[in-house]
Amino acid sequence: MTADSGKITTRRLRKMKALGEKIVCLTAYDFTFARIIDRCGVDVILVGDSAANVVYGMRTTLTIGMEEMLHHTRAVASGVERALVVSDMPFLSFQVSPERAVENAGRLLQAGAEAVKVEGAGPVLEVVQRLVAFGIPVMGHLGLTPQAVHQLGGYRLQARKPEEQERLLADALALEAAGCFALVLEKVPAEVAGVVTRRLQIPTIGIGAGPECDGQVLVLQDLLGLTDEPRLKFVKQYAELSRVVQTAVAEYCSEVRSGRFPGKEHSFYLDEGK
Ligand code: KIV
């Protein structure tokens, strides 16, 4: 099995873990980028509720809703052929009742998602069981769960104390038993993520969780250098696209103002094509 052949499915991700093949996951929110990163061979494309931050400029992910997530899911799904498309279930779309969760997850699947992601454990386990029973694949998310930012007291490193590490492992095992096909581990010590990864049959996807996870995820805008925020320790910036965009747009502004653009080659004339 190679990284570039065949549609990625939840079964295939499990097989990749068994074979020790790393899983590459990246967020996308629109058709254009989804198509580019799918063609690059990214295995899992996450329509993250981080759209709240990088698309809408919201301070937290608590304020993005189902309607926005449905729009972004439709756009991304239109551009993807190979990767598995996973959509985040936004805040309040799955917490109120398992029935509401099934309805909202179903709407995301109708919009083109092939799986959904939910944050947390505890009462979320019943939701996961219900979704899986209805044939909706679920990715879990533990460690720093941004929808619980106010409860957690900020975006800090999780599972530092032994009792928190035990809780994380117990929650991870419970999510696996409830039927999750993969688990995101966000901002936890690398050693702790390593232990969880070795104890689970399902793949772990890390973000700020060290190199021992079965796969990695980043927010696309962070990787491309499109965000203004100070760089987080766990982000590796592979390009400086905001500089590229600034240079291109500044040149465009200057050429329009000077009359250099549009030139004859960008214009239509009445006697053309005769
Ligand atoms: O919303 C998101 O982008 C996420 C990833 C960072 C895991 O949940």
Side-chain angles (χ1 to χ4, degrees), residues 1-56 61 64 68-90 105-118 135-141 180-184 186 202-207 213-227 234-242 244-245:
M1 188 190 293
T2 65
D4 9 52
S5 64
K7 173 74 187 140
I8 300 292
T9 60
T10 57
R11 277 172 61 109
R12 179 152 169 198
L13 295 180
R14 200 185 259 250
K15 211 165 178 181
M16 287 172 79
K17 172 171 178 131
L19 294 172
E21 284 178 25
K22 290 283 186 186
I23 298 165
V24 183
C25 177
L26 199 51
T27 67
Y29 315 96
D30 65 26
F31 168 79
T32 305
F33 274 119
R35 189 164 62 165
I36 294 171
I37 69 173
D38 185 51
R39 289 175 177 175
C40 291
V42 166
D43 301 308
V44 178
I45 297 184
L46 173 66
V47 187
D49 61 356
S50 49
N53 313 118
V54 296
V55 178
Y56 296 100
T61 54
I64 194 166
E68 291 98 332
M69 291 305 295
L70 286 167
H71 284 305
H72 292 293
T73 298
R74 271 186 216 104
V76 166
S78 306
V80 175
E81 285 177 11
R82 175 183 174 272
L84 182 80
V85 177
V86 181
S87 284
D88 254 331
M89 295 203 68
R107 292 179 74 202
L108 289 167
L109 260 67
Q110 286 178 331
E114 294 161 314
V116 296
K117 176 164 81 57
V118 293
I136 300 172
V138 184
M139 178 181 269
H141 184 157
C180 281
F181 70 88
L183 177 65
V184 168
E186 179 164 353
I202 59 171
T204 58
I205 310 289
I207 174 161
C213 293
D214 299 303
Q216 294 294 323
V217 58
L218 279 179
V219 167
L220 180 64
Q221 276 75 351
D222 289 339
L223 175 158
L224 294 177
L226 277 168
T227 42
F234 60 79
V235 171
K236 181 164 178 186
Q237 197 179 300
Y238 287 82
E240 276 197 64
L241 277 204
S242 68
V244 175
V245 172

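Nothing fancy with the numbering, it's 1 onward along the sequence.
- A donor-acceptor contact shorter than 3.5 Å links the side chain of Asp214 to the backbone of Thr204.
- Between Val116 and Leu109, the closest side-chain pair of non-hydrogen atoms falls below 4.5 Å.
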### Message
Thr27 vs Ser50, test: side-chain hydrogen bond (donor to acceptor under 3.5 Å, both in side chains). Steps then yes/no.
### Response
CA-CA 8 Å; Thr27 67; Ser50 49; 4.8 Å; no
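- Between the side chain of Lys22 and the main chain of Cys213, a donor-acceptor pair closer than 3.5 Å is present.
- Nearest heavy atom pair, residue Val42 against residue Ala83, reads O-CB, 3.3 Å.
- Contact check for Leu218 versus Leu26: side-chain heavy atoms found under the 4.5 Å cut-off.
- To the nearest 0.5 angstrom, Asp222 atom CG is 7.5 Å from Ile207 atom CD1.
- Summarising the geometry of Ile202 relative to Phe181, their closest heavy-atom pair is CB-O, 3.5 Å, with the distance given to 0.1 Å.
- How far CG of Leu46 is from CG of Asp88: 5.0 Å, rounded to the nearest 0.5 Å.
- Taking every heavy atom of both residues into account, Val55 and His72 meet most closely at CG1-CE1, 3.9 Å.
- Atom NZ in Lys117 sits 8.0 Å away from atom CE in Met139 (nearest 0.5 Å).
- Of all heavy-atom pairs between Leu84 and Glu114, the closest is CA-OE1, 3.3 Å.
- Scanning both residues, Val76 and Asp30, for their nearest heavy atoms gives CG2-N, 3.5 Å.
- A distance of 7.0 Å separates CD of Glu81 from CZ of Arg39, quoted to the nearest 0.5 Å.
- Between atom CE of residue Met89 and atom CD1 of residue Ile136 there is a gap of 8.0 Å, rounded to the nearest 0.5 Å.
- The shortest side-chain heavy-atom distance between Arg14 and Thr10 does not fall under the 4.5 Å cut-off.
- In terms of heavy-atom proximity, Leu226 sits nearest to Ser242 at CD2-N, 3.9 Å.
- Summarising the geometry, atom CD1 belonging to Ile45 is positioned 12.0 Å from atom CZ belonging to Arg35; distances are rounded to the nearest 0.5 Å.
- Side-chain contact check for Ile205 versus Val44: every heavy-atom pair is 4.5 Å or farther apart.
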